[in-house]
Amino acid sequence: MSEYDHKKIEEKWQKRWEEAGLYRTEDAVQGKENFYTLVEFPYPSGDLHIGHWSAFAVPDIFARMKRMQGYNMLYPIGFDAFGLPAENAAIKHGADPAEWTLKNIERMRLQLKQMGNMFDWDREVSACDPSFYRWTQWLFLQLFNKGLAYKKKAVVNWDPVDQTVLANEQVLSDGTAERSGAKVEKKELSQWFLKITEYADRLIDDLDGLAWPEPIKDAQRNWIGRNEGAKIEFDISSFDKKIEIFTTRPDTLYGATYVVLAPEHPLVTELAGTMINHSEVRQYVEAAATKSDLERQEHKEKTGVELKGVKAVNPGSKEEIPIFIADYVLSGYGTGAIMAVPAHDERDREFAKKFNLPVRTVVSEEGTLVDSGTFDGMTSEDAKQKITEHVGGKMTTTYRQRDWLISRQRYWGTPIPIVYDPEGNAHAISDEHLPWVLPSDVDFTPTGEAPLARSKELKERVEKLFGKGWTPEVDTFDTFVDSSWYFLRYLDPKNEKEFASKELQKAWMPVGRYSGGAEHTTMHILYSRFFIKALYDLGLVTEHEPYTVRMNRGLILAEDGRKMSKRWGNTVNPDEQVNNVGADSVKMYLAFIGPYNEVSSYPWNTNGLIGVRRFLERVWILQDHLSDDSSDNTLGGLVHRSIKKVGDDVESMKFNTSVSALMILSNEFQKLETVPQDAYEIFLKLLAPFAPHMAEELWERLGHTTSIHLETWPVYDPQLAQSDTVAIVLQINGKKRGVLEIGHDSSQEEVLAAIQRDQKLLKYIDFKPKKVVFVPNKIINFIV
RNA sequence: GCCGAAGUGGCGGAAUUGGUAGACGCGCACGACUCAAAAUCGUGUCCUUUCGGGGGUGUGGGUUCGAUUCCCACCUUCGGCACCA
């Protein structure tokens, strides 16, 4: 017997598999159903870290088992190669982003191959490759042509560290940037948006039909933030304009004792001539404009200014009420104006108190209306609709979510395929000019101004193609645009005529299982759902939802329980671990560390890794203790129970308990004098997805000449999976008193008879029970 | 404040159409092998005990013959949203 030399074995099989094209995936295989398992493609920002192993090596277990179960499995990989992390790293190392990225991809590809996953490398895609980004550009233009992409001047989030705008989704609730950690500022800029808000309802409603974990769906619902309410118009006395407000409580209309506009509300300027404290108002508006959202929230005291000399009319009570501007009302939500009901809204109450405004209670404690004209006595719920109708308002829905800001003032991204005529009108760049290539004659140091503006080549290219005075769009796409469709390119990576043929989309989509990081729930996952819906409406894709099942995985922490970080010096280097114990051990340990499909965090434990390595060594040694005898009785139904347990748990991605089941079976093998070869072969097949190299090596040593990964997954016999005997618990008043081994499905009489025969158990029932609770195969409980 | 998830040994975790709590692994202890150590193998390992038992799954109640599992209230931690009208 030789030693378990993981290096030799893993190198050998990775080479052989590649030569044999073992993991090349055909688009169709006779008699097999296609199944698409997806993992998020990585940023090529440097070395592989242990998180990559958890993200890619562990779901490979699922893909491999499904393959053995007879599915034609697609498990592809690529690189999310555009974007800030790569660019920032390149700048830090004084390198060109393109060179830097390509070098990293090369390095990471080698590291990824050491995992021994069943990736089909022929399908590798890279977002920074012109053959990929021409389709990112093309798809964007389809949206542009349908009016789903637009450029607009708006107050946007500005990241002063990364020197670019950010989407709302990329700003954390504490007002810092998700990536750089910088305090986000506000800036008014002209930017490109995608109309994700137009899809808000469908993005929420279609969640109901998805078999995803509920918490992920809830997070998306929260983010979109649908809110039912009413829009109601308030007249302005002696001015021919109305103030439209949004409220979720139209039933409290009679309690509205003032109106508040956001400082940015257009009426503020229009009313300038009418109000008498014009300069005071302007001062407030200007002050508000410089404040970030975070700063607005920081001061606890409400501030505001009354527009003196103008009044609004409450359409319910017809009373004249004052108009204020205050920064506690946000311009981007609802209509940017509210009716203030201090009696029934905490914020309004606070404001009213400070400005000494009247408080009028209009809903009694029982929930019926008071002091509300003809509506008195009506329930609050009924009144919502009735009052809205009465004053000519309309019931409406608003959303927290804003349109998706996709342009960035950075270099390393897909160029936005737009040019401007001399009048400044945006035009799509026609297909013949795609890919619209990223220029290379650019100093890409971030300055806040888009680096492409400095490209002479780009400027000349545009003038040459479109005429004098024409200018290029100089912003690039955020990398989330690339990742909104990358999974479609895997299906047809070499197609030069289409981003992915309909035929292949039909063959593979939707993705059957998508596993990734929880941080993408309200970013990538939401964006890509929108993208696919929009493309579906354009007739370009075959599905209106991209993922049948999405699962978020947990986080691997450092051994000290903190996040792994170079700063703490607590990182675990996967290369080192693979060198020490092998890829199979690292993969299997990460599978064993905890339930994969739960968003939790698991501290790395090198001793735990060694434990898994020990397990594999014991499996290795078993090869010298085989016998030709088949169906050894001592194993009973354990082999069949193991097939069931491992299969069920891998299916639901509970890899930790499936590893445990393999360990139990192997432990039983070890207790035997010799292990029956047929049982051992079944065990190797169960092990194959978890430790593909070792299982393959042992399989070959048994004399097989074809790959174990082409074997079919063992099928268990439900009869044999049951053990011959069951343990029945003997309870007195619900307290455990003993255990009785007895045949399957024994009747109560048989169990009682068995107790009579057992001296130890008999002593517990030397009385006449009031009642006997008998649950077949489980318990017998005597009530005294 | 709203929405959601979770609290189980020294540690990661297992067990839920209610039926032996702590599988599997780590750690620890003891033993075998060894001059010795490491490795390996074996045994033990929730607490407590007068060895009959008694207690125990965040806390307090409840339902039940029986609750980690179901119900009520509370505490703690984590995640999403948040001056969103």
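Not measured: the values here are computed from a predicted model. Chain A is the first sequence line, chain B the second, and so forth, proteins listed ahead of strands; every chain is numbered from 1.
With A/N570 as the partner, the side chain to side chain contact (heavy atoms under 4.5 Å, CB included) test is satisfied by one option alone out of A/K563, A/E559, A/R562: A/R562.
A/N667 comes within 4.0 angstrom of sugar-phosphate atoms only, judged by non-hydrogen atoms across all strands, and of no base. Using a 4.0 Å heavy-atom criterion, one finds that A/R221 contacts no nucleic acid atom at all.
In this structure, A/E350 does not pair ionically with A/K354, as no charged nitrogen and carboxylate oxygen lie closer than 4.0 Å.
With sequence neighbours excluded, the residues that form a side-chain contact (heavy atoms from CB on, under 4.5 Å) with A/L307 are A/L261, A/L271, A/M275, A/V281, A/V310, A/I323, A/I325.
Stacking of A/K231 on the aromatic ring of A/F246 is not recorded, the 6.0 Å distance cut-off and the 45° axial limit not both being met.
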Kindly give the atom pairs (protein nitrogen or oxygen, nucleotide nitrogen or oxygen) under 3.5 Å for nucleotides 8-14 of chain B.
| residue | atom | partner | partner atom | Å |
| --- | --- | --- | --- | --- |
| B/G12 | O2' | A/I593 | O | 2.6 |
| B/G13 | O3' | A/N656 | ND2 | 3.4 |
| B/A14 | OP1 | A/N656 | ND2 | 3.0 |

Could you go through nucleotides 43-50 of chain B and list every protein N or O atom that sits under 3.5 Å from one of its N or O atoms, giving the distance for each pair?
none

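Screening residues 644-671 of chain A for ring pair (Phe, Tyr, Trp, His ring centres under 6.0 Å), with sequence neighbours left out, gives A/Y596-A/F655, A/F669-A/F683. The stretch residues 587-603 of chain A participates, sequence neighbours left out, in these salt bridge (Lys or Arg N to Asp or Glu O under 4.0 Å) pairs: A/D60-A/K587.
Side-chain atoms of A/Q220 stay outside donor-acceptor range of the base of B/G80, with no qualifying N/O pair under 3.5 Å.
Using a 4.0 Å cut-off on heavy atoms, the residues of residues 737-747 of chain A that approach RNA chain B are A/R737, A/V739, listed by number.
If you take atom C1' in B/G7 and the same atom in B/G56, they sit 16 Å apart, rounded to whole Å.
Each of A/N222 and A/M339 has a nearest nucleotide on RNA chain B; the 5'-most of these lies closest to A/N222.
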